[in-house]
Structure formats: structure tokens, C-alpha cells
Protein chains: 2
Amino acid sequence: MTVFFSKKCEHGLQAILFMATKDIECVCPAEEISNKLNIPKEFISKILQSLTESGIVESKKGKSGGFKLAKHPSKIKLIDIVEAIDGLESFNTCVLGFSECSSKNPCPVHHQWGELRVKAYEMLSSETIDKFKEKTLNKIKII
Amino acid sequence: MTVFFSKKCEHGLQAILFMATKDIECVCPAEEISNKLNIPKEFISKILQSLTESGIVESKKGKSGGFKLAKHPSKIKLIDIVEAIDGLESFNTCVLGFSECSSKNPCPVHHQWGELRVKAYEMLSSETIDKFKEKTLNKIKII
DNA sequence: TTTTAATCAGACAATTTAATCTGATTTGAA
DNA sequence: TTCAAATCAGATTAAATTGTCTGATTAAAA
């Protein structure tokens, strides 16, 4: 196993990207997200609940309830979701698992991995998710 | 959780890097590796057993037995160890968890992640582990 | 030959992550 | 007011990963 994001985080990212393709006021039931993205309903529901606490989504109870983004997609970056679900720890720990890895006491790949880590962070934080609307829609259509 | 390598793989990489700092004929008991790298003895023993099957290390039973590299460090790359333990799947799957992610149907970060993935692969495959001797020794000394 | 120190093998336990189930609560609409 | 459809909350299960234990086997050295 070699992952980057946990399943929870992958699901969360997909769900938020999906919600960003919809009208900002549109309330999205967990069931719809579940169907469109092929994620177990209760699982995505739980993930979105936790993102509610992080202030990224809002939930509306009762009939015709569901989830909606708490902010406009132009204010949300992928890194916000990653931080809320997986945390940012991996951006600060040694990829080979050595303790206290730093430029003073680098592991054999410290320098190269450091560069990649910065690039990965940039990938997640340079653009807001309103830019991803079209690609997300194409992706969901064919799944 | 956001990882790159599994713990198993981290431990395996560390152990092989450590063994590469020693004389090629030197047989290294699991206990020594365990102590030096702070990895549970039975766990690293299991990992090295599986690397024996992959042809990366050899084991010698009985008194004064232990593990040694099956090839010279100048013939071993980090990617060999990663492949044997974690496999190379993550270098071919979508980082956001979408199915069938390709340049024809890219996920929102397909292009950027593709670049990073290539760089990560290069990091693991461009140099053989004999080059890492000094840095590994420094790393183990301070742990 | 006996002792000792090591791997090997495989069952077992603990932890973490992923997913499911159930029931209470909320709320819009008939 | 009642019903239906949704979230919410928390317990439970399942699966994967990580780590441990025990006993058999091997082989060097006393």
C-alpha cells in the first residue's frame, strides 16, 4: 500500500468538488452524492458531518434537507478539505519514517522529497475549486 | 492520514539502507537492526523474510545467522524495495480516487499529480543505494 | 554431542481505517 | 396534525494494517 490521501479524504474531496458544480444555494441530499460518486451513503454522510464542523459545508435537516457548501467555491481550496480530514502532518514528516529529519540531518531523499512536498502543497492550494467545475462534471458523467 | 509509504515499507527501506552501510558479506541479526532502527524485532524480521522471497536479501539460519543483502548495494534501488513491499499501484491510480483517470478523462489535478508521480518515481529509481551510505549513517547515529 | 543463538512459520492480538446499522430528531408538505 | 424524507448521533461490524507470541528448525561453536 502506498497512498497519498485516505479513503475518507478522497471521498470528501470528490463530494466537495461535486457540490461545487451545483448552484451555491442548492441543497444536496447525501443519497444523491452517494449515487453519483458511488460512495456508501452513511459513509459520505459522516464525512460531510465532520466537514460541517470545519465550516466547509452546512447541513439542513428534515425533508428536502441535505448538504450545501458553506462558502462560495471561489473561497475553497482542496488543501482546506485535506487539512480538515487528513491533517497536514504528512507535509512535515520524513517520507522514509526517520525521526527528526531536517536539512541539518537529512535522510537520503530529504532534499528531493522536500521539493515534491512543496509541489504537492501548491497543487492543492494554488487554485480554488470553482476552477475545477468542468473537469469534475466530465469525470462524474463517465463514471 | 496522508501517507506515502506504508509502515512496512518505511521499515523495509530503513533496514535495507542500514544493511547497505555494512560490509557486503556481513550477516546482520534481526535484533541488531531492531535496536539500531527502533523497529520491533519480529516485525522487521517478517519484512526481511518477505524481501528474501523477492531476492533482495538473503537469510542465514542458526547461530550467528541473520540477514544480508543478496546483491551489491550498487545494484539495488529504493524503488525495488517499494515495489516488493507496497507495489507500484499508486503510481498508476488517481490521487482523488476517481476511476479511469487518464489524460482523456482527467480529474481536476490529473496533470499536476502526474508530474509529481513521475518525479517521485525518479527519486526512487535514479540512484542506487550505495550512494546513500553516508547520509544513512548520520541519520542512524543521531536517532 | 550438546548448547546456544539465530531464523522461520504461522497463529494470534491490537490498532486503525472503512463501512454499516439503528433509532432519534428535524422539518417541509400533504 | 400527520406523514415522509432527510440529517444526526452513536453503536457496531468488517477489513486492513501493524505488531506480538510461541514453538519448530537450523547451524555454529563449545
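Computed from a prediction, not measured in an experiment: that's the story for all the values here. All chains are named by letter (A, B, ...) in the order of the sequence lines, taking the proteins before the strands, and each is independently numbered beginning at 1.
- Nucleotide C/dT17 holds its P atom 16 Å from the CZ atom of A/Phe4, rounded to whole Å.
- The ring pair (Phe, Tyr, Trp, His ring centres under 6.0 Å) contacts involving residues 50-83 of chain B comprise nothing, where partners must be two or more places apart or lie in separate chains.
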5' to 3', nucleotides 19-30 of chain C under a 4.0 Å protein heavy-atom cut-off (B base, S sugar-phosphate only, - none) gives SBB----BBB--
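- If you take CD of A/Gln14 and P of C/dA18, they are 14 Å apart, rounded to a whole angstrom.
- Rounding to whole angstrom units, CD of residue A/Gln49 and C1' of D/dG10 are separated by 10 Å.
- Between the CD atom of A/Glu10 and the P atom of C/dT17 there is a distance of 14 Å, given to the nearest Å.
- Regarding B/Leu51, its CG atom lies at a distance of 14 Å from the P atom of C/dT7, rounded to whole Å.
- Take B/Phe43 and apply the ring-ring contact (aromatic ring centres under 6.0 Å, His included) test, not counting sequence neighbours, and it matches B/His11.
- In this structure, B/Ser45 reaches neither bases nor backbone, as no heavy-atom distance under 4.0 Å exists between it and the strands shown.
- The nearest whole Å value for the distance from the CD atom in A/Glu53 to the P atom in D/dT7 is 16 Å.
- Under the ring pair (Phe, Tyr, Trp, His ring centres under 6.0 Å) criterion, the residue pairs touching residues 100-128 of chain B are A/Phe4-B/Trp113, B/Phe91-B/Tyr121, with sequence neighbours excluded.
- Taking every heavy atom of both residues into account, A/Pro73 and A/Ile24 meet most closely at CD-CD1, 4.0 Å.
- For A/Ile47 and C/dT17, the CD1 to P distance is 13 Å, given to the nearest whole Å.
- Listed by chain and number, the residues in a side-chain hydrogen bond (donor to acceptor under 3.5 Å, both in side chains) with B/Lys7 are B/Glu10 (sequence neighbours excluded).
- For B/Phe18, there are no ring-ring contact (aromatic ring centres under 6.0 Å, His included) partners, not counting sequence neighbours.
- For the pair B/Ile85 CD1 and D/dG19 P, the interatomic distance rounds to 13 Å; values are reported in whole Å.
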